[in-house]
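Here the structure comes first, spelled out in structure tokens, and everything after it is commentary.
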Amino acid sequence: MEPNGQHSDIQTRNLRVLEALLFAAKEPLGADDLRPYLSENADLADLLDQLQQRYQHAGINLVQRGEKFAFRTAEDLSFLLRRDDVEQKPLSRAALETLSIIAYHQPVTRSEIEEVRGVATSKGTLDVLMEAGWVRMRGRRRTPGRPVTYGTTMGFLDHFGLEQITDLPGLGELKGAGLLSSNLPPDFSVPKPSDGDLTSDEDPLEPDDAGDDLLSDLDARNQPNET
Amino acid sequence: MEPNGQHSDIQTRNLRVLEALLFAAKEPLGADDLRPYLSENADLADLLDQLQQRYQHAGINLVQRGEKFAFRTAEDLSFLLRRDDVEQKPLSRAALETLSIIAYHQPVTRSEIEEVRGVATSKGTLDVLMEAGWVRMRGRRRTPGRPVTYGTTMGFLDHFGLEQITDLPGLGELKGAGLLSSNLPPDFSVPKPSDGDLTSDEDPLEPDDAGDDLLSDLDARNQPNET
Amino acid sequence: MYVDVKGYEGPLDLLLDLARKQKVDLAHISVLSLAEQYLGFIQTLKERRIEVAADYLVMAAWLAYLKSRLMVPHDDEDEEPSGEEMAALLQFRLKRLEAMRDAAGQLVNRPRLGRDIHARGDPESILTTKTNQWQATYYDLLRAYVIQREKSFPQDYSVKVRTVWSLSEAEEILERLIGQSAEWVPLQSYLSEYLASTEERQTALASSFTASLEMVRQGQIELRQSAPFSPLMVRRKR
């Protein structure tokens with residue numbers, strides 16, 4: 001065999017060994033891990049470079065992590081490694097009630113929701129509504145305690161088939177649909193919801209706003225007496 | 001783009017997806033695991049064949065294990081990659097014999113295993129093999145006492161590097177010599193081991209079947225007389 | 001000869017070991033001498049008062065029977081298996097056990113996963129994102145809103161206590177007001193105190209009129225009205 005052919009045989013073998021080692025390794029491997037398995041005087045950097053090129057367009061790539069190397073799923077295929085497990089659940093009554101108040105009364109604070117509901121609203125209920133993608137924190141009300149204001153989202157409109165939030169039926173329509181009794185107190189009204197820009201008494205949220213309300217616990221405790 | 005180019009784009013993508021899925025997984029994957037990620041009407045067998053060829057001379061190969069596929073380091077590199085330290089507690093002679101009897105005679109009942117070995121099988125032996133993931137309870141034989149039938153698993157094929165159960169070493173000679181028949185002396189129909197679907201004389205296991213054999217204790221006791 | 005019976009995986013294993021010592025192919029083994037060796041071995045164990053498992057004794061009995069069958073010529077009328085058939089059976093079982101042993105040896109020496117061949121060392125696990133998809137209908141939403149708002153309506157529906165004169169109350173009052181007066185006096189003037197209040201006016205009029213009729217019937221008082229809508233006059237009956 002001519003020297004050149006022999007050289008490329010050794011080269012091929014080195015590449016195969018690297019492939020196998022990197023595949024079987026539990027963690028990225030560095031030069032010290034790899035060199036003992038290669039032929040003497042092998043140019044590790046060059047071999048890794050060749051391997052990197054070989055897998056450049058494959059479903060897996062040879063990636064560098066610091067001084068070490070590992071095979072990883074190609075970034076554009078990373079969706080293959082994610083599974084979405086969707087479980088359909090009916091919304092609890094508390095969540096549904098809270099959602100409806102947010103929808104009509106937005107922008108609304110937690111203590112305002114509680115005022116309408118007559119009971120304290122758990123943070124969990126709001127979390128569920130936010131997880132569902134129907135409710136969002138809009139901003140903070142410019143009142144003492146600066147409570148968070150809640151409103152509905154595009155997802156809310158989508159789910160309930162509304163083109164805009166003002167499509168929610170008003171007083172007359174609710175009565176007309178027989179949902180509301182016609183025997184209403186004279187001062188009864190249904191607010192006109194707005195899910196758009198911040199209102200004049202709302203401040204924007206800080207980028208890292210966790211949405212905690214300073215006074216919410218206090219509010220919640222006082223709630224049952226409040227009505 | 002001309003239709004042909006488009007076709008090969010889809011083909012390339014399918015191959016990359018298969019590569020990524022098979023590479024990311026430790027266990028062999030089957031059609032059900034792979035097909036959902038491919039383009040509609042993709043020819044899975046053909047794609048796997050292409051992939052197998054692409055990796056034929058690489059340091060890792062695409063191997064078939066029963067109906068499933070996995071990337072494994074190339075067999076000829078084993079002398080380099082051999083890791084004796086990770087070898088689990090070596091199998092006892094009894095376990096190894098039992099394993100090979102199950103592999104070659106499957107589906108096989110405990111009393112048939114005992115008939116071959118001429119000695120009672122302790123329950124622990126089968127447990128060890130099942131815990132290793134090499135042996136499974138397949139069903140129940142349609143004979144008095146309805147004994148459990150045992151067979152090998154995909155994990156068995158994977159561990160011992162067999163594409164399918166018919167690749168067991170020396171299977172042809174054993175068959176030819178009539179040594180795989182459980183009834184003696186060599187009769188006309190020589191069975192072939194089958195690790196697949198239930199055979200005509202097997203019933204499926206109940207979902208909560210604990211694998212107890214009603215007659216097994218009796219069988220074990222009677223064993224030496226039975227011949 | 002000293003052999004530890006515990007080293008064997010049962011009587012068949014012992015027989016196989018003895019057969020191998022004949023150093024011939026199992027197909028050409030002398031079953032008769034094999035049976036004799038086995039029986040001799042068991043005998044030795046017994047003489048040394050070594051406890052022998054039942055399995056081995058059962059095999060010994062079978063081999064003793066085999067030996068006797070082999071030594072007498074076969075009778076065609078005999079329904080029992082011939083000595084030759086029994087010997088073939090034993091040979092088959094020994095061959096099969098040996099074959100399984102060889103197979104096990106080949107199997108265990110194959111390139112094995114985790115030792116010679118390796119799977120992906122660092123599998124990229126599949127991340128399962130569990131999402132709840134919440135269900136609610138538009139109708140549910142509106143109902144929920146309306147129910148809550150209706151709950152908040154003022155609940156001051158206190159039942160008005162209406163002042164009503166019962167007939168007996170009216171009779172009592174008239175009795176007291178008319179007293180022993182024998183003069184004709186308008187009924188209304190007796191009731192002026194009560195008629196001033198709008199709440200009592202109707203019931204005072206209605207009940208006292210009805211009561212007065214009852215008192216006339218009882219002969220206690222007399223009533224007189226000179227013309228329609230003129231004042232109703234009342235006096236104690238003499």
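Naming convention: chains lettered A, B, ... in sequence-line order (proteins, then strands); numbering from 1 in each chain.
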(message) Please determine whether side-chain contact (heavy atoms from CB on, under 4.5 Å) holds for the pair C:Arg110 and B:Leu162, giving the CA-CA distance in whole Å, both sets of side-chain angles, and the decisive distance to 0.1 Å.
(response) CA-CA 9 Å; C:Arg110 284 185 63 79; B:Leu162 300 164; 3.6 Å; yes
(message) Before you tell me yes or no, could you show the steps for C:Asp116 and B:Glu75 under side-chain contact (heavy atoms from CB on, under 4.5 Å), namely the whole-Å CA-CA distance, both residues' side-chain angles and the distance that decides it to 0.1 Å?
(response) CA-CA 7 Å; C:Asp116 310 283; B:Glu75 211 176 298; over 6 Å; no
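Under a cut-off of 6.0 angstrom, the local environment of CD in B:Glu67 is sparse, with at most 12 non-hydrogen atoms contributed by other residues, nucleotides or ligands. Counting heavy atoms of neighbouring residues, nucleotides and ligands inside a 6.0 Å radius, atom CD of C:Glu172 does not exceed 12 of them.
Salt-bridge formation is detected for the pair B:Arg93/C:Asp13: a Lys NZ or Arg NE/NH1/NH2 atom is positioned less than 4.0 Å from an Asp or Glu carboxylate oxygen. With respect to B:Glu115 and C:Arg96, a salt bridge is recorded, a charged nitrogen being found less than 4.0 Å from a carboxylate O.
The shortest heavy-atom contact between B:Leu168 and C:Leu107 is CD2-CD1, 4.0 Å. Nearest approach of C:Ala104 to B:Ser100, heavy atoms of both residues: CB-OG, 3.6 Å. C:Leu12 and B:Arg117 get closest at one heavy-atom pair: CB-O, 3.8 Å. Smallest separation of non-hydrogen atoms from C:Ala119 and B:Arg72: CB-NH1, 3.1 Å. Closest approach of C:Arg93 to B:Gly118, counting heavy atoms only: NH2-CA, 3.6 Å. Scanning all heavy atoms of the two residues, the minimum distance from B:Val116 to C:Leu97 falls at O-CD1, 3.7 Å.
A heavy-atom distance below 4.5 Å is not found between the side chains of B:Ile60 and C:His118.
The parts of C:Arg120 that come within reach of chain B are both its backbone and its side chain, each placing non-hydrogen atoms under 4.5 angstrom from that chain.
With C:Met100 as reference, B:Leu174 is the one residue of B:Leu99, B:Leu174, B:Leu179 to meet the side-chain contact (heavy atoms from CB on, under 4.5 Å) rule.
In terms of non-hydrogen atom pairs under 4.5 Å with chain C, the most contact-rich of B:Ala103, B:Ser78, B:Gly170 is B:Ser78. Between chain C and the options B:Val63, B:Ile101, B:Leu171, B:Leu80, heavy-atom pairs under 4.5 Å are most frequent for B:Ile101. Among B:Thr98, B:Leu81, B:Leu77, the residue making the largest number of heavy-atom pairs under 4.5 Å with chain C is B:Leu81.
Separating the OG1 atom in B:Thr73 from the CD1 atom in C:Ile117 is a distance of 6.0 Å, to the nearest 0.5 Å.
Judged by distance alone, with hydrogens and angles left aside, the side-chain atoms of C:Arg115 form no donor-acceptor pair with the main-chain N or O of B:Arg82 at under 3.5 Å.
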